[in-house]
Amino acid sequence: MIAFGTPFIAVLKEAQLTLNQYFILYCYVYEKKHLLNEYNNNVEPVPIDNLTELKKKGFLINLEGEWMSTDRGEQFIKDMVDSFSDQRSDNPLLGDED
């Protein structure tokens, strides 16, 4: 994941995303919805309007009552991820030496 700093804030600003929306999108792209539940239960509830905003911006879609990331959402997050474990979830054949 991109480090917090001025470049990251510029990316959020350009995409018109809040930090909460970025976190939500990240969780949907990498199928880590359990982290959203943990955050909701232990930190603060994530307002549902974040999901509708992400839908309006084309990052998420609601199909038959289930939220999913769009190609745009996946590309946005994956362009910024440099975490080996997340990259490996995309490519299980990725070796430790890569």
Side-chain angles (χ1 to χ4, degrees):
M1 184 179 308
I2 191 170
F4 284 88
T6 302
F8 179 67
I9 299 304
V11 168
L12 292 180
K13 184 178 176 183
E14 182 178 327
Q16 297 179 334
L17 292 179
T18 67
L19 193 54
N20 271 341
Q21 291 167 352
Y22 176 85
F23 173 64
I24 291 167
L25 184 57
Y26 175 89
C27 289
Y28 276 96
V29 167
Y30 282 107
E31 298 181 19
K32 296 183 178 190
K33 295 176 202 168
H34 67 281
L35 293 177
L36 285 173
N37 290 332
E38 190 173 325
Y39 186 86
N40 274 324
N41 293 333
N42 297 306
V43 180
E44 67 179 348
V46 176
I48 191 75
D49 64 335
N50 282 307
L51 294 171
T52 55
E53 281 298 314
L54 287 166
K55 181 180 177 184
K56 284 182 195 175
K57 294 173 184 170
F59 292 109
L60 290 181
I61 190 166
N62 190 329
L63 295 175
E64 299 177 12
E66 184 172 342
W67 290 97
M68 301 171 62
S69 61
T70 62
D71 290 341
R72 180 179 184 213
E74 288 195 24
Q75 191 65 46
F76 179 80
I77 293 296
K78 291 180 179 181
D79 282 350
M80 295 196 303
V81 170
D82 62 7
S83 164
F84 177 74
S85 63
D86 289 333
Q87 288 176 6
R88 193 164 189 181
S89 71
D90 284 339
N91 182 3
L93 301 177
L94 189 65
D96 290 335
E97 65 277 354
D98 292 337

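Hydrophobic clustering (side-chain heavy atoms under 4.5 Å, transitive across Ile, Leu, Val, Met, Phe, Trp, Tyr) keeps I61 apart from L51. Both V43 and L36 belong to a single network of hydrophobic side chains, linked directly or stepwise wherever heavy atoms of I, L, V, M, F, W or Y lie under 4.5 Å apart.
Here SG of C27 is found 10.0 Å from NZ of K33. Values are rounded to the nearest 0.5 Å. Separating the CE atom in M68 from the OH atom in Y28 is a distance of 11.0 Å, to the nearest 0.5 Å. Between L25 atom CG and I77 atom CD1 the span is 4.0 Å, to the nearest 0.5 Å.
Annotation: side-chain hydrogen bond (donor to acceptor under 3.5 Å, both in side chains) contacts involving residues 59-73, sequence neighbours excluded, comprise S69-E74.
Put simply, the residue from V46, V29, L17, L35 that forms a side-chain contact (heavy atoms from CB on, under 4.5 Å) with I24 is V46.
N50 places a side-chain N or O within 3.5 Å of a backbone atom of P47 that can act as its donor or acceptor partner.
In this structure, the side chains of K57 and F76 stay at 4.5 Å or more apart for every pair of heavy atoms.
Other residues, nucleotides and ligands contribute only 12 or fewer heavy atoms inside 6.0 Å of the CD atom of E14.
The shortest heavy-atom contact between L54 and Q21 is CD1-O, 3.7 Å.
When the side chain to side chain contact (heavy atoms under 4.5 Å, CB included) test is applied to L19, the partners found at least two apart in sequence or on another chain are F4, F8, L12.
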